[in-house]
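We count ligands from 1, going down the list as the structure has it; atoms in each ligand are counted the same way.
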Amino acid sequence: MNTAHELHLAKRMARLGTETAFEVLVKARALEAKGRDIVHLEIGEPDFDTPGNIIGAATDALHKGFTHYGPSAGLPQLRETIAQYVSETRAVNVTPEEVVVVPGGKPIIFFTILALAEEGDEVIYPNPGFPIYESMINYVGAKAVPIRLREEMDFRLDVDELAGLINDRTRLLILNSPQNPTGGVLTKADIDGIARAIGDRNILVLTDEIYSRLIFEGEHHSIMSVEGMKERCILLDGFSKTYAMRADLATHVARLMTNSNSCTASFTQVAGVEALRGPQASVDAMCAEFKKRRDVMVAGLNKIKGFSCLLPKGAFYVFPNIKGTGWPSKKLADALLDDAGVAGLSGTAFGDFGEGYLRFSVANSIENIEKALDRVGSWAAKNL
Ligand SMILES: Cc1ncc(COP(=O)(O)O)c(C=O)c1O
């Protein structure tokens with residue numbers, strides 16, 4: 001090759017991580033293309049059809065010309081609807097100026113970290129946790145400081161341990177509840193304790209509540225609702241793929257939108273208004289179905305040699321402990337895909353503290369979950 005045209009990547013690209021779920025999906029599809037039957041428990045995406053009223057609103061909007069650019073921060077009617085929704089569900093007063101609509105959950109993780117953290121700053125994030133946090137913190141050159149989620153605490157964090165990690169360089173704390181990959185849910189006492197641990201320090205909190213509507217026991221608690229915390233929170237709520245934050249930060253995030261995506265597709269925003277204002281029964285039905293699947297999956301895993309699995313309290317993942325198999329997580333996840341046709345993820349795809357665990361998504365039918373359990377059970381009986 002002509003060395004004059006060698007690819008010179010920016011150094012920062014070496015620090016960018018990835019989300020392994022997409023890589024395993026590609027590998028699983030390649031096996032399917034060769035004729036293998038694979039049960040997909042790797043990707044975290046609800047398998048339910050979008051409710052008819054929301055599809056109707058989207059197609060209507062397409063016919064009505066919502067196919068052009070809109071404001072970078074989002075359509076006024078959607079920002080208004082979201083401000084109302086957040087005000088009601090988080091018991092705080094949120095205005096439309098504090099809302100930015102972006103296309104997905106990841107852009108807000110990207111934009112928030114890009115806008116707030118620089119070299120020398122420390123960002124505390126959950127581990128095991130959604131891998132994009134660590135990837136983005138490293139990418140911007142800040143220091144990634146993991147707070148361990150502990151199985152013995154139902155995969156919640158230890159507030160005293162968190163307090164010990166906070167120092168003068170801490171710029172941002174990332175919370176995620178209900179949590180990916182463990183299904184852990186922070187309690188009201190945890191949230192209050194975290195707010196106390198932050199105290200008066202000038203630290204912002206990115207509170208990722210994308211699974212806030214998928215809670216199986218008790219209720220969802222947001223740190224945004226704690227007295228004095230609203231101005232210090234950036235709320236990421238994935239139900240509507242929208243975000244609420246203080247208005248001064250919102251203008252900068254909107255500028256990052258202008259620079260990167262221009263705006264979120266207008267017709268999907270019209271559908272977003274319908275999703276928030278229309279009937280909510282489908283969300284409750286989806287949650288009830290995930291709970292049934294969770295119960296089947298956890299009961300089945302607990303019967304398999306070497307596996308033990310807690311009952312997750314929210315989201316749609318289970319995170320079995322596989323230390324009893326004697327296998328490292330990545331090797332076990334690979335073997336289950338290659339030999340048993342079950343696609344799951346290694347706990348290490350979510351950080352170093354994920355060693356000793358696997359993640360299975362229950363966004364699949366009970367029939368397929370039972371098929372996966374049979375296959376993993378037979379594999380374990382033969383190989384362990
Ligand atoms: C904890 C968490 N935050 C954010 C996201 C956002 O993802 P997306 O950009 O695909 O909406 C996800 C998706 O899996 C997630 O699990």
Find all atoms of ligand 1 within a distance of less than 4.0 Å from any non-hydrogen atom belonging to [X], and give their numbers and elements.
X    : result
D208 : 1 (C), 2 (C), 3 (N), 4 (C)
G104 : 9 (O), 11 (O)
Y133 : 1 (C)
N176 : 1 (C)

Worksheet item: Using heavy atoms and a threshold below 4.0 Å, how should the contact between F316 and ligand 1 be classified: side chain, backbone, both, or neither?
Response: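 For F316, no heavy atom sits under 4.0 Å from ligand 1.
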Could you pull out every donor-acceptor pair under 3.5 Å between side chains of residues 184-197 and any protein atom, sequence neighbours left out?
from : atom 1 : to   : atom 2 : distance (Å)
T187 : OG1    : A189 : N      : 3.4
T187 : OG1    : D190 : N      : 3.0
T187 : OG1    : D190 : OD1    : 3.4
T187 : OG1    : D190 : OD2    : 3.1
K188 : NZ     : D192 : OD1    : 2.9
K188 : NZ     : D192 : OD2    : 3.0
D190 : OD1    : R156 : NH2    : 3.1
D190 : OD2    : R156 : NE     : 2.7
D190 : OD2    : T187 : N      : 2.9

Item to complete: Can you sort out the partners of F319 under ring-ring contact (aromatic ring centres under 6.0 Å, His included), two or more places apart, ordered by chain and number?
Response: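 Expected list: F155, Y357.
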Looking only at distances, can you tell me whether any N or O atom of [X], backbone or side chain, sits closer than 3.5 Å to an N or O atom of ligand 1?
X    : result
G105 : yes
E19  : no
N180 : yes
Y211 : yes

Fill in: Pairwise side-chain contact, M136 with V123, heavy-atom cut-off 4.5 Å (strictly under)
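No, their side chains stay 4.5 Å or more apart.
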Worksheet item: Do K27 and E23 meet the salt-bridge criterion of a basic N to acidic O distance under 4.0 Å?
Response: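 A salt bridge is absent here (no side-chain N lies under 4.0 Å from a carboxylate O).
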Worksheet item: Testing F316, F130, F290 for ring-ring contact (aromatic ring centres under 6.0 Å, His included) with Y211, which one passes?
Response: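 When F316, F130, F290 are each tested with Y211, the ring-ring contact (aromatic ring centres under 6.0 Å, His included) holds only for F316.
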Discussion item. Quick check on D168: does its CG atom have over 12 non-hydrogen neighbours (other residues, nucleotides or ligands) under 6.0 Å away?
Written reply: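 Counting neighbours around CG of D168, 12 or fewer heavy atoms of other residues, nucleotides or ligands fall under 6.0 Å, so no.
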Discussion item. Check for me whether F22 has a heavy atom closer than 4.0 Å to any atom of ligand 1.
Written reply: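 Distance cut 4.0 Å: F22 fails for ligand 1.
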Worksheet item: Does the side chain to side chain contact (heavy atoms under 4.5 Å, CB included) test come out yes or no for R277 and Q77, once each step is laid out?
Response: CA-CA 11 Å; R277 292 210 168 139; Q77 60 269 41; 5.9 Å; no
